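Written out below as structure tokens is the structure these notes cover.
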Protein chains: 2
Amino acid sequence: MGVQIVGKDLFMGQRAIQANTEKLRKAGLRPTRQRLALAQLLFARGDRHVTAEGLHEEAVSAGVQVSLATVYNTMHQFTASGLLREVTVDGTRTYFDTNTGDHHHFYCQDDGTLVDIDGDQIEVAGVPVPPHGAKVDRVDVIVRLKRR
Amino acid sequence: MGVQIVGKDLFMGQRAIQANTEKLRKAGLRPTRQRLALAQLLFARGDRHVTAEGLHEEAVSAGVQVSLATVYNTMHQFTASGLLREVTVDGTRTYFDTNTGDHHHFYCQDDGTLVDIDGDQIEVAGVPVPPHGAKVDRVDVIVRLKRR
DNA sequence: ATTTGTGCAAATCGTTTGCATCTGA
DNA sequence: TCAGATGCAAACGATTTGCACAAAT
């Protein structure tokens with residue numbers, strides 16, 4: 001007991017299933033097996049930065065049966081529902097961030113690593129008034145790092 | 001007089017050719033016909049944000065014979081030489097910015113437009129010390145806009 | 001039962017590369 | 001002359017899409 005079989009995937013505890021089910025429901029998404037499993041991988045351990053490809057590999061090696069296309073779809077749905085946030089730093093790959101709060105990023109250009117910077121730490125002053133008919137959606141600060 | 005034929009392209013004045021030739025030489029690049037033409041398109045009128053695809057179209061409709069592959073190569077060479085700067089905002093396309101000085105950007109998410117924000121205007125305070133062995137290469141601020 | 005999600009494989013898009021051919025110094 | 005630049009077309013990798021099938025309410 002305490003472990004329920006989700007399809008063929010037995011890595012989620014009863015608690016986790018309930019928590020994620022509720023999280024998905026609140027976001028207006030049906031708690032399917034794949035979404036539950038992906039949510040578990042994404043949200044179980046703190047803040048993460050993942051690519052679709054990366055999450056797919058993780059899922060597969062955790063024994064979750066899910067296609068790469070579904071991972072892409074799911075991550076976009078999660079993003080649209082506010083469960084994830086897209087981070088664009090590199091052009092060649094899209095990162096998804098499980099931290100949807102106010103924060104910024106270090107981006108290590110040498111190895112493609114992302115590290116959060118708390119929103120409280122950085123202050124951006126002097127943002128000009130947006131052009132006519134537009135309003136500020138978000139301000140992203142990316143601190144690009146290179147090897148010393 | 002005043003207009004020299006560059007291959008089949010007669011849109012560059014003698015002055016422009018000389019100016020761009022020198023600019024390329026200083027950057028350590030041989031002033032070929034294509035590079036001269038692209039430099040002219042890029043640098044003739046103030047600060048610009050261009051995609052490779054966009055610049056290629058411009059070149060073609062200006063009567064410049066150049067392939068898309070060469071435009072890509074050239075823009076990367078210009079970037080490596082400090083004549084251009086790459087701006088990553090969208091993931092699906094790479095923008096090149098003729099403004100290589102200290103500045104930031106408005107990004108209009110609805111139509112993909114970029115607008116410069118002067119470096120003096122914005123101040124970023126509180127950037128944490130970079131992780132071990134890394135140093136700050138650059139700080140990018142992207143103000144994402146949406147329609148009001 | 002009806003709506004919504006999933007998987008697969010093919011299509012797409014921007015970008016890069018290999019290589020034979022030109023061209024500027 | 002001859003390193004360096006160009007063009008073309010093919011290769012590429014990440015992402016998206018169309019559609020038949022499966023699962024959730």
Side-chain angles (χ1 to χ4, degrees), chain A residues 4-9 17-18 20-22 24-39 50-57 59-60 64-81 83-84 86-96 112, chain B residues 4-9 17-18 20-39 49-57 59-60 64-81 83-84 86-96 112:
Chain A
Q4 175 176 318
I5 295 178
V6 183
K8 287 180 178 172
D9 321 317
I17 290 174
Q18 287 181 1
N20 286 322
T21 297
E22 195 179 342
L24 291 175
R25 283 247 159 74
K26 275 185 185 162
L29 297 170
R30 291 202 328 212
T32 66
R33 177 160 39 83
Q34 290 85 340
R35 285 178 183 162
L36 280 171
L38 293 177
V50 229
T51 62
E53 194 102 27
L55 184 61
H56 180 242
E57 281 170 24
V60 168
V64 179
Q65 233 182 292
V66 62
S67 71
L68 180 55
T70 295
V71 173
Y72 272 107
N73 291 335
T74 302
M75 295 182 93
H76 284 137
Q77 291 155 354
F78 281 14
T79 302
S81 314
L83 260 37
L84 286 180
E86 241 174 290
V87 182
T88 303
V89 276
D90 176 271
T92 67
R93 25 180 156 195
T94 301
Y95 291 87
F96 294 87
Chain B
Q4 175 176 318
I5 296 177
V6 183
K8 288 180 180 174
D9 321 316
I17 290 174
Q18 286 182 2
N20 285 322
T21 297
E22 196 179 342
K23 182 175 258 204
L24 292 174
R25 283 247 159 75
K26 275 183 186 162
L29 297 169
R30 291 203 330 212
T32 66
R33 177 162 42 84
Q34 289 84 341
R35 284 179 184 162
L36 279 171
L38 294 177
H49 303 99
V50 231
T51 63
E53 196 101 27
L55 185 61
H56 180 243
E57 281 169 25
V60 168
V64 179
Q65 232 182 290
V66 63
S67 71
L68 180 56
T70 296
V71 172
Y72 272 107
N73 290 336
T74 302
M75 295 183 91
H76 284 136
Q77 290 155 354
F78 281 14
T79 301
S81 315
L83 262 36
L84 287 179
E86 243 176 286
V87 182
T88 303
V89 275
D90 176 273
T92 68
R93 26 179 156 196
T94 301
Y95 291 88
F96 292 86

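Everything quoted here is computed from the prediction, not taken from an experiment.
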Determine the contact category for [X]: base if any of its heavy atoms lies under 4.0 Å from a base atom, sugar-phosphate if only primed atoms, P, OP1 or OP2 are that close, otherwise nothing.
X        : value
Thr92(B) : sugar-phosphate
Thr94(B) : sugar-phosphate
Arg93(B) : sugar-phosphate
His76(A) : sugar-phosphate

Nucleotide [N], atom [atom2] - distance to [atom1] of [X] in whole Å:
X        : N       : atom1 : atom2 : result
Asn73(A) : dC8(C)  : CG    : P     : 13 Å
His56(A) : dT16(D) : NE2   : P     : 15 Å
Asp90(A) : dT15(C) : CG    : P     : 12 Å
Gln65(A) : dA23(D) : CD    : P     : 10 Å
Tyr95(B) : dG14(C) : OH    : C1'   : 13 Å
Tyr72(B) : dG13(D) : OH    : C1'   : 14 Å
Leu24(B) : dG4(D)  : CG    : C1'   : 14 Å
Arg30(A) : dA23(D) : CZ    : P     : 12 Å

Nearest-nucleotide wise, let me know which of Glu53(B) and Pro31(B) is further upstream toward the 5' end of DNA chain C.
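Its nearest nucleotide lies further toward 5', so the answer is Glu53(B).
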
Closer to the 5' end of DNA chain C via nearest nucleotide, is it Ala52(B) or Ser67(A)?
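Nearest-nucleotide comparison on DNA chain C picks Ser67(A).
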
Quick one: does any side-chain atom of [X] pair with a main-chain N or O of [Y] as donor and acceptor, under 3.5 Å?
X        : Y        : answer
His76(B) : Tyr72(B) : yes
Arg35(B) : Arg30(B) : yes
His56(A) : Thr70(A) : no

First locate atom CZ of Phe78(A), then atom CG of Leu24(A), and finally report the distance between them rounded to the nearest 0.5 Å.
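That separation rounds to 5.0 Å.
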
Below 4.0 angstrom from OP1 or OP2 of [N], is there any side-chain N or O of [X]?
X        : N       : result
Arg25(B) : dA25(C) : yes
Arg35(B) : dT6(D)  : yes
Thr32(A) : dT6(C)  : yes

Can you tell me if CD on Glu22(B) sees more than 12 non-hydrogen neighbours from other groups inside 6.0 Å?
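For Glu22(B), atom CD is not crowded (no more than 12 foreign heavy atoms under 6.0 Å).
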
Side chain of Thr70(A), heavy atoms from C-beta onward: which of dT6(D), dT6(C), dG7(D) has the nearest atom to it?
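My answer, after comparing the listed nucleotides, is dT6(C).
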
DNA chain D: 5'-proximal contact among Leu29(B) and Ala69(B) (nearest heavy atom)
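The residue mapped nearer the 5' terminus is Leu29(B).
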
